[in-house]
Asker: 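Can you read through this structure? Questions will come right after.
A note on names: the letters A, B, ... follow the listed sequences, proteins ahead of strands, and every chain is numbered from 1.
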Amino acid sequence: MAQKPSIPKGTRDFSPAEVVKRNYIFNTIKKVFRLYGFQPIETPAMENLSTLMGKYGEEGDKLLFKILNSGDFISKVPNELLDKKDSNKLTPKLSEKGLRYDLTVPFARFVVQYRNDIVFPFRRYQMQPVWRADRPQKGRYREFYQCDADVIGSNSLLNEAELIQIIDNVFTQLKINAIVKLNNRKILAGIAEIIGEHERLTDITVAIDKLEKIGIENVNRELEEKGVSKVAVENLQPILALQGSTGEKMVQLESILAASEIGMKGVEELKTLFNYLQPMGLNTGVELDLTLARGLNYYTGAIIEVKTTDMEMGSICGGGRYDDLTGIFGLPGVSGVGISFGAERIYDVLEQLNLFPQESPEITRVMFVNFGEKEEAYCLPVLTKLRSAGINSEIYPESAKMKKQMNYANKKQIQFVVLAGESEIAEQKFTLKNMQTGEQQLLGTEELINTISKS
RNA sequence: GUGGUUGUAGCUCAGUUGGUUAGAGCGCUGGAUUGUGGUUCCAGAGGUCGUGGGUUCAAGCCCCAUCUACCACCCCA
């Protein structure tokens with residue numbers, strides 16, 4: 001063990017137990033996506049750098065993993081360029097591919113590339129890993145999975161409503177209590193306009209997005225540092241402090257934003273959305289949160305964020321509407337709306353609340369103890385029958401000591417052990433032992449299968 | 001990317017102002033128990049103290065570098 005092998009910073013291996021739990025999350029989400037008519041696509045782990053660069057801002061470009069060109073890539077680079085040691089100039093010569101940073105941009109690329117084959121509105125889901133050269137922290141990795149669902153090519157707010165219904169379905173099935181927070185970028189734009197700072201929309205959204213985390217004083221300080229006028233910051237205060245139910249807030253907003261065309265459009269959209277949601281009978285609460293901004297700049301309409309009410313934790317799902325995402329790839333005027341589940345955080349919530357199911361379609365339910373050659377031959381046909389009946393089962397591959405075999409079953413958390421030695425063979429039966437209760441029954445082949453299937 | 005904290009057995013952690021052979025609990029392996037695991041008892045294995053340098057008669061402990069995990073900022077899932 002002189003030098004232990006290792007994996008790159010911020011990446012993880014997953015043990016069988018972890019994969020079983022992760023798949024429980026992925027399968028639950030996938031099932032719901034399918035239920036709403038979303039279809040899966042997959043895209044390559046690597047994209048052309050030209051597809052990725054400039055889509056995530058300056059910060060994003062730095063966080064892209066770049067892939068070194070193959071072959072003798074250095075010999076083609078002019079000496080003067082090498083001597084300058086300018087990474088920005090040199091990188092394009094050394095690398096033309098990168099690992100995908102999210103699923104949205106590759107999706108936009110996909111839509112543009114196959115626009116003639118895709119049936120619009122296109123409802124797709126995608127669950128794949130993405131990579132970011134960020135500095136890892138707890139719950140933040142360099143390789144992690146995203147679970148995205150988007151509808152592209154439709155302006156209808158019914159899409160937003162259905163995505164929220166999906167969110168409700170998923171968290172209901174996972175037994176997580178959640179709350180959906182809604183806002184609209186047009187309302188934020190309206191607010192910026194009303195306080196006379198519509199130029200500073202991005203700075204304003206970035207700042208008020210932090211409200212919950214850093215408090216109103218710090219937000220105001222940040223706004224002033226970014227060049228928002230004192231008067232404007234003052235005018236912003238009553239809006240951020242709006243109280244009451246979603247309906248009450250909406251009424252107040254309507255009068256505040258009356259002079260802003262875009263602001264009123266946002267209020268209108270939100271009203272329509274709530275009208276769709278009303279009759280859906282969701283378990284999850286949905287509320288208007290004016291401080292919800294989300295850093296992502298490509299959002300243009302609805303903004304969605306989901307938090308659990310069971311514990312203190314960042315958002316476990318987010319999304320929104322983006323007009324013209326495909327414009328950057330030469331297909332303007334196509335609107336999309338999407339959500340993304342944060343699988344890693346959902347995992348942490350389920351783990352801490354002990355909500356992962358004991359049962360899984362992926363674990364062994366029955367193990368045959370191996371007593372020797374004759375007994376093995378007696379068990380094997382029944383093992384085959386169990387498997388045909390869809391029961392995950394295995395036989396211990398050698399006639400090791402009983403203690404060792406039982407221990408193996410115990411550690412693998414196998415529900416049943418089947419014992420068949422001389423006496424069982426003589427009676428043409430099997431002893432079925434329930435590992436949780438310790439209870440044992442002597443059963444024939446058919447009874448054995450039935451008992452296991454029923455439990 | 002900036003600033004900081006951390007690393008001792010598979011895991012959680014002790015380890016005196018630098019002093020000879022680095023400890024515990026849990027886990028692991030074997031036995032008590034040749035057809036009964038999760039409880040008990042007994043025995044045993046397992047460490048180049050994250051890695052590489054340096055200071056010193058002497059380094060787990062001090063210094064430097066590096067890697068890892070973590071924390072704050074930036075950003076974000």
Asker: What residues in residues 431-445 of chain A put a non-hydrogen atom under 4.0 Å from any atom of RNA chain B?
Answerer: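 When residues 431-445 of chain A is checked for heavy atoms under 4.0 Å from RNA chain B, the hits, listed by number, are Lys433(A), Met435(A), Gln436(A), Gly438(A), Gln440(A).
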Asker: Considering only atom P, compute the distance from U56(B) to C63(B) and round it to an integer number of Å.
Answerer: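 About 16 Å, rounded to a whole number of Å.
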Asker: Establish, with yes or no, whether the OP1 or OP2 oxygen of G31(B) is under 4.0 angstrom from a side-chain nitrogen or oxygen of Lys401(A).
Answerer: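 Yes, Lys401(A) has a side-chain N/O under 4.0 Å of OP1/OP2 on G31(B).
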Asker: For A69(B), does either OP1 or OP2 sit under 4.0 Å from a side-chain N or O belonging to Gln137(A)?
Answerer: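 So the side-chain polar atoms of Gln137(A) never come under 4.0 Å of the phosphate oxygens OP1 or OP2 of A69(B).
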Asker: For the side chain of Lys9(A), starting at C-beta, report the closest nucleotide among C74(B), U68(B), G31(B).
Answerer: U68(B)
Asker: Go ahead and write out RNA chain B as dot-bracket, 5' to 3': ( ) for pairs within the strand, [ ] for ones crossing earlier pairs, | when the partner sits on another strand, dots for unpaired; Watson-Crick or G-U wobble, both distances under 3.5 Å.
Answerer: (((((.(..((((.....[...)))).(((((.......))))).....(((((..]....)))))).)))))....
Asker: Can you label the angle between the Phe368(A) ring and the Phe430(A) ring as parallel, tilted or perpendicular, going by 30° and 60°?
Answerer: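 Ring orientation, 0 to 90° scale: perpendicular.
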Asker: Name the closest nucleotide to the Lys404(A) side chain, picking from G30(B), C76(B), G37(B).
Answerer: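 Closest of the options to the side chain of Lys404(A): G30(B).
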Asker: Do any side-chain nitrogens or oxygens of Lys210(A) fall under 4.0 Å of OP1 or OP2 in C74(B)?
Answerer: yes
Asker: What I want to check is whether an N or O donor and acceptor connect the side chain of Asn407(A) with the base of G37(B) at under 3.5 Å.
Answerer: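 Side chain to base: no pair present.
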Asker: Rounding to an integer number of angstrom, what distance separates A9(B) and A45(B) when you compare their C1' atoms?
Answerer: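 A9(B) and A45(B) have their C1' atoms separated by 11 Å.
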Asker: Choose from A77(B), C73(B), G37(B) the nucleotide whose nearest atom is closest to any side-chain atom of Glu344(A).
Answerer: A77(B)
